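Read the structure below first, then the notes.
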Amino acid sequence: MTQLSYARRSVVVVISALLGFVLTGCDPQDEMDTATGDVIVDVQGMTLGDAKDALEPTGLEVETSDITGEDRSVFIEQNWIVASQDPAAGEPVGDHTTITLTIGKEGETAPAPTPGAEPSTLVVPEVLGMALPDAKNRIEEAGLGVEVHDATGEDRSVLWESNWSVTSQSLAAGEHAQPGQVITLGVLKDGEQPSSADEDVSAAPPPPAPPSEIEEQIARMDPETQTMINDATYLGTLELGGIDYGDEGTAIAAAHTLCGDLQAGTDPFAIRYAMIKSSMDRGAAVSGDEAQWILEAAAVAYCPDYVDAVVNSGTPR
């Protein structure tokens, strides 16, 4: 599971609990039944978060597929419903290592093909920031071809694909391509940055998703309640990441500063580098992964429009 996925799922828990207190004052719902671990349970009709919880005892890796084919980002798992699953309920767990859940928002269905129409174009998936093997699998599963090139311009050979990550793609996520069309991926080893000559407009982060139902509920609250939820989201995410943040007020002020840097156009990679250097100067060094977690937590809580930009910017080691 990626850092952002884990952070987002954790944030859902924090926000959902707070909303239950603020909006209804009700106790949390009873624990739902979970899988036995021997056979795959039926999770169709569940929210994505509940489905993952139900499947956790099976040990299967959960993958998702957008029912619309648009490969939209999942921000709050409780707003997505499982429409179908593969493998089906009742099959032995031991015969599988992964399960794919087709998900959509409430009331969404798969688009119906037009009778007699020619084969439609394919939607290009988002692979920026992914490890190269995972990116290639995702593109090939979408029915497209893949080529790679060294984003430094040095034309290095890619021997161990797991050591390389995608920094650009010749067609941006959401664009349409013909079946079998080749998507060219710019790749770098971990910690490297692309040269200016290799930068591509397709590497720009996608526009933010429309606000979810929970986000809209938060937006309608009074500012004091919004602040309470945002602060609890940020601090709770730090705790889940094992980050010792010290004084709450100082930590929250620092998060607002990070968001201010993002909103001013500062590159997330440069922000994390400055965080690491500053922590070393104070004698309490944080790692690249810890700096990434802190910056993602700040973006999710206080400036969500920049979450994708933070995640796709690479992590200093």
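Not measured: the values here are computed from a predicted model.
The number of heavy-atom neighbours closer than 6.0 Å to CG of D244, taken from other residues, nucleotides and ligands shown, is 12 or below. The neighbour count for E147 CD, taken as heavy atoms of other residues, nucleotides or ligands under 6.0 Å away, does not exceed 12.
Of the possible donor and acceptor atoms, one in the side chain of Q169 sits under 3.5 Å from a partner among the backbone N and O of L171. The closest donor-acceptor contact from the side chain of T227 to the backbone of P223 lies under 3.5 Å. Under a 3.5 Å cut-off, the side chain of W293 and the backbone N or O of T237 do form a donor-acceptor pair. Looking at D134, its side chain never comes within 3.5 Å of a backbone N or O of M130 through a donor-acceptor pair. Between the side chain of T257 and the main chain of A253, a donor-acceptor pair closer than 3.5 Å is present. E239 places no side-chain N or O within 3.5 Å of a backbone atom of G236 that could act as its donor or acceptor partner. Although no hydrogens or angles enter the test, the distance criterion places a donor-acceptor pair under 3.5 Å between the side chain of D150 and the main chain of R156. Side-chain atoms of E161 do not come within 3.5 Å of backbone N or O of N163 as any donor-acceptor pair. In this structure a side-chain-to-backbone donor-acceptor pair under 3.5 Å is missing from R138 to P125. A donor-acceptor pair is defined here as one N or O able to donate and one able to accept, closer than 3.5 Å; such a pair exists between the side chain of T167 and the backbone of G186.
We find the CG-OG distance between D86 and S65 to be 10.5 Å, quoted to the nearest 0.5 Å. Considering CG of L122 and NE2 of H176, their distance stands at 9.5 Å, rounded to 0.5 Å. Note that the CD1 atom of I99 and the OG1 atom of T64 stand 12.0 Å from one another [nearest 0.5 Å]. With rounding to the nearest 0.5 Å, the separation of CD in E61 from CG in L55 is 12.5 Å. Rounded to the nearest 0.5 angstrom, L128 CG and S168 OG are separated by 7.5 Å. Atom-to-atom distance recorded for E141:CD and E63:CD is 6.5 Å, nearest 0.5 angstrom.
Two different hydrophobic clusters hold I81 and L101 under the rule that ILVMFWY side chains link at heavy-atom gaps under 4.5 Å. Both V158 and I183 are members of a single hydrophobic cluster when ILVMFWY side chains are connected at heavy-atom separations under 4.5 Å. Taken together through direct or relayed side-chain contacts under 4.5 Å among Ile, Leu, Val, Met, Phe, Trp and Tyr, V123 and V74 form parts of separate hydrophobic clusters. V187 is connected to V124 through a chain of hydrophobic side-chain contacts under 4.5 Å among Ile, Leu, Val, Met, Phe, Trp and Tyr, so both are in one cluster. Hydrophobic clustering of Ile, Leu, Val, Met, Phe, Trp and Tyr side chains at less than 4.5 Å, counting indirect connections, unites M280 with V286.
Of all heavy-atom pairs spanning A298 and L258, the tightest one is CB-CD1, 4.2 Å. V41 and A54 make their closest contact through CG2-O, 4.1 Å (heavy atoms, listed as atom of the first residue, atom of the second, distance). Shortest non-hydrogen contact noted between A297 and L238 is CB-CD2, 4.1 Å. Of all heavy-atom pairs spanning V93 and T58, the tightest one is CG1-O, 3.4 Å. For the pair A51 and V43, the tightest heavy-atom approach, listed with the atom from each and the gap, is CB-CB, 3.7 Å. Annotation for P268 and L295: closest pair O-CD2, 3.9 Å, computed over non-hydrogen atoms.
Among residues two or more places apart in sequence or in another chain, the salt bridge (charged side-chain N to carboxylate O under 4.0 Å, His left out) test is passed with D66 by R72. For D261, there are no salt bridge (charged side-chain N to carboxylate O under 4.0 Å, His left out) partners two or more places apart in sequence or in a different chain. For S157, the side-chain contact (heavy atoms from CB on, under 4.5 Å) partners at least two apart in sequence or on another chain are L159. By the side-chain contact (heavy atoms from CB on, under 4.5 Å) test, V146 pairs with K136, I139, E140, V148, L185, sequence neighbours left out. Partners of Y302 according to the ring pair (Phe, Tyr, Trp, His ring centres under 6.0 Å) rule, which considers only residues two or more places apart in sequence or in another chain, are Y234, H256. Not a single side chain to side chain donor-acceptor pair (under 3.5 Å) links S279 to another residue, sequence neighbours left out.
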Report task. Could you go through the side chain to side chain contact (heavy atoms under 4.5 Å, CB included) check for T102 and V82 one step at a time? Result -> CA-CA 6 Å; T102 299; V82 178; over 6 Å; no
Query raised in the report: Please walk me through it: do N230 and T233 pass side chain to side chain donor-acceptor pair (under 3.5 Å)?
Result: CA-CA 5 Å; N230 292 340; T233 296; 5.3 Å; no
Query raised in the report: Could you go step by step and tell me if V307 and E296 meet the side chain to side chain contact (heavy atoms under 4.5 Å, CB included) rule?
Result: CA-CA 6 Å; V307 169; E296 287 183 8; over 6 Å; no
Query - Step-by-step side chain to side chain donor-acceptor pair (under 3.5 Å) determination, Q78 to T47 - result: CA-CA 5 Å; Q78 298 303 108; T47 65; 3.2 Å; yes
Query raised in the report: Q178 and L144: side chain to side chain contact (heavy atoms under 4.5 Å, CB included), yes or no, with the steps?
Result: CA-CA 8 Å; Q178 297 297 321; L144 301 168; over 6 Å; no
Requested in this report: Could you walk me through whether Q85 and I40 pass side chain to side chain contact (heavy atoms under 4.5 Å, CB included), step by step?
Outcome: CA-CA 10 Å; Q85 63 185 80; I40 298 173; 3.6 Å; yes
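Between D231 and E248, every side-chain heavy-atom pair lies at or beyond the 4.5 Å cut-off.
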